[in-house]
Protein chains: 2
Amino acid sequence: MSEKKNSNGRMGRPRGFDEDAALEAAMRVFWEKSYDGATMSELTAAMGINRSSMYAAFGDKEQLFRLAVERYAVGQMSYLHAALREKSFKEVVRAALKGMVEFLSTPGNPRGCLSVQGALATSAESESVKQMMVEVRKQGELALRKRIQEAKKDGEIPADINPSDYARFFSLIVAGLAVQSVNGATRAEMQRSVEILLGLLNYQT
Amino acid sequence: MSEKKNSNGRMGRPRGFDEDAALEAAMRVFWEKSYDGATMSELTAAMGINRSSMYAAFGDKEQLFRLAVERYAVGQMSYLHAALREKSFKEVVRAALKGMVEFLSTPGNPRGCLSVQGALATSAESESVKQMMVEVRKQGELALRKRIQEAKKDGEIPADINPSDYARFFSLIVAGLAVQSVNGATRAEMQRSVEILLGLLNYQT
DNA sequence: GTACATCTGAAACGATGGGTCCATAAAGAA
DNA sequence: TTCTTTATGGACCCATCGTTTCAGATGTAC
């Protein structure tokens, strides 16, 4: 949100905080505590602003969450988008899984994945948020499916493979890793989980 | 909890509801809405009793949840315990994964798995519950590890396989399936995810 | 400077959270 | 019956929820 003039061409008092930094802070609170579990008091405290400023800048809790999820998908998940651009499908899989493991065990990051635990099971009043997160996860699956379709055209993977099924399978792996992370699995442990899969796929180094 | 006499050998007014049925109802509410997301009002309404009776019979919300999780682990997860008793390891894996898919797509069941979504990311005050669920999941992993160790002794799986790693890997698959279920995956879709894995393992029918 | 627009801080809003109280009901024991 | 014990219903508790309000602060435009 850049500088705005109102209908009279006048401006008012400028923002006294960094929206970007505030949203980053909010994202991490949602990441750790989920949508329902994060309170406005915790959020605004972490953002370093008060309630009024938050409501003026971001709308309400649900809109703040949506913005946080967008930021997460673009920023924190960048290694996944990068992985999709690897030349061979084998490298796509290797980069995505290795990247995910590193991400899930990065010190300073909350455990787990916002896309999975942000709103997996919710209170009745947060059902729309839960549904939104389903769509976010399906969106990730879709991006992978497209990459698989390319790989199939290139003959990198067997012709009898259904790209939708294959994409769903790898999404399952990523979600499973996220739960492992919450379980407290170390980086080495998660790496060994990935090695098992890469071995089955004949995708080892 | 059967009939009890107090210290004087006297009895009082008997329970006016079926504890078992009430706990079953509570379990399903937690299953659908998670620990934080389920309110006492929703719980007692589903249980068909009022707050006083609930607190007298089950303690508080956290104890009710613990009892619900126990019930879930024994009742709903029975097919997993049964799968562990299959003769060959191949049959263990096949029965567990097929059973999980059926379970996760049973009409009338909430979507997903209580063990995964009951308290994956929580409010600050529910952290002990979150930790308890980590232990529950690790317990499942442990049971599988023991079965894998047997299979290894019997020479059913390669000697260079680490049972802990292998158990963690399969737990990952199960958790991933649970997320797929929340995503709205159909039974057929989840079955195809499992088929892909069974194919990689050379465990097809 | 004055006028206007926006932001900020703190207090307050009604609703709902989990949990408790207490008068009454319903049983067995004496 | 009477006594004792436990269960029940519903009002009630206080804390906290997300959100709003508003007076004052702080900026730009004229």
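Because only heavy atoms are used, hydrogens play no part in the values below, and waters and symmetry mates are left out as well, while side chains stay in. Throughout, protein chains are lettered first and strands after them, A, B, ... in sequence-line order, and every chain is numbered starting at 1.
- Distance NZ (A:K61) to P (D:dT16): 16 Å, rounded to an integer number of Å.
- Note: OH (B:Y55) to C1' (C:dC22) measures 17 Å, nearest angstrom.
- Nucleotide C:dG17 holds its C1' atom 13 Å from the CG atom of A:D36, rounded to whole Å.
- Looking at A:E32 and A:R28, no side-chain N of the basic residue comes within less than 4.0 Å of a carboxylate O on the acidic one, giving no salt bridge.
- B:E62 has a carboxylate O that lies under 4.0 Å from a charged side-chain N of B:R66, or vice versa, which qualifies the two as a salt bridge.
- Judged by distance alone with a 3.5 Å cut-off, no donor-acceptor contact links the side chain of A:S41 to the base of D:dC17.
- When the C1' atom of D:dG10 is taken as reference, atom CE of B:M54 falls 17 Å away, rounded to whole Å.
- As a whole-Å value, the separation of B:M40 CE from D:dC17 P is 18 Å.
- A donor-acceptor contact shorter than 3.5 Å is absent between the side chain of B:N183 and the backbone of B:A185.
- A salt bridge links A:R94 with A:E91: the distance from a Lys NZ or Arg NE/NH1/NH2 to an Asp or Glu carboxylate oxygen falls below 4.0 Å.
- When rounded to the nearest whole Å, the span between CZ of A:R15 and P of D:dT28 equals 15 Å.
- OP1 or OP2 of D:dC17 sits under 4.0 Å from a side-chain N or O of A:T39.
- In this structure, B:E62 places its CD atom 13 Å from P of C:dG18, rounding to the nearest Å.
- Each of A:S52 and A:L43 was matched to the nucleotide of DNA chain D holding its nearest heavy atom; the match closer to the 5' end belongs to A:L43.
- Residue contacts for B:S53: at a heavy-atom cut-off of 4.0 Å it reaches the sugar-phosphate backbone alone, with no base atom in range.
- Across the interface with DNA chain C, nearest-nucleotide mapping of B:E42 and B:R13 shows B:E42 to be the residue nearer the 5′ end.
- Among the nucleotides D:dA29, C:dG19, D:dC17, the one closest to any side-chain atom of B:R51 is C:dG19.
- One interatomic measurement links the two molecules: CG of A:N50 to P of C:dA12, which rounds to 16 Å at whole-angstrom precision.
- Of all heavy-atom pairs between A:A119 and A:V129, the closest is CB-CG1, 3.9 Å.
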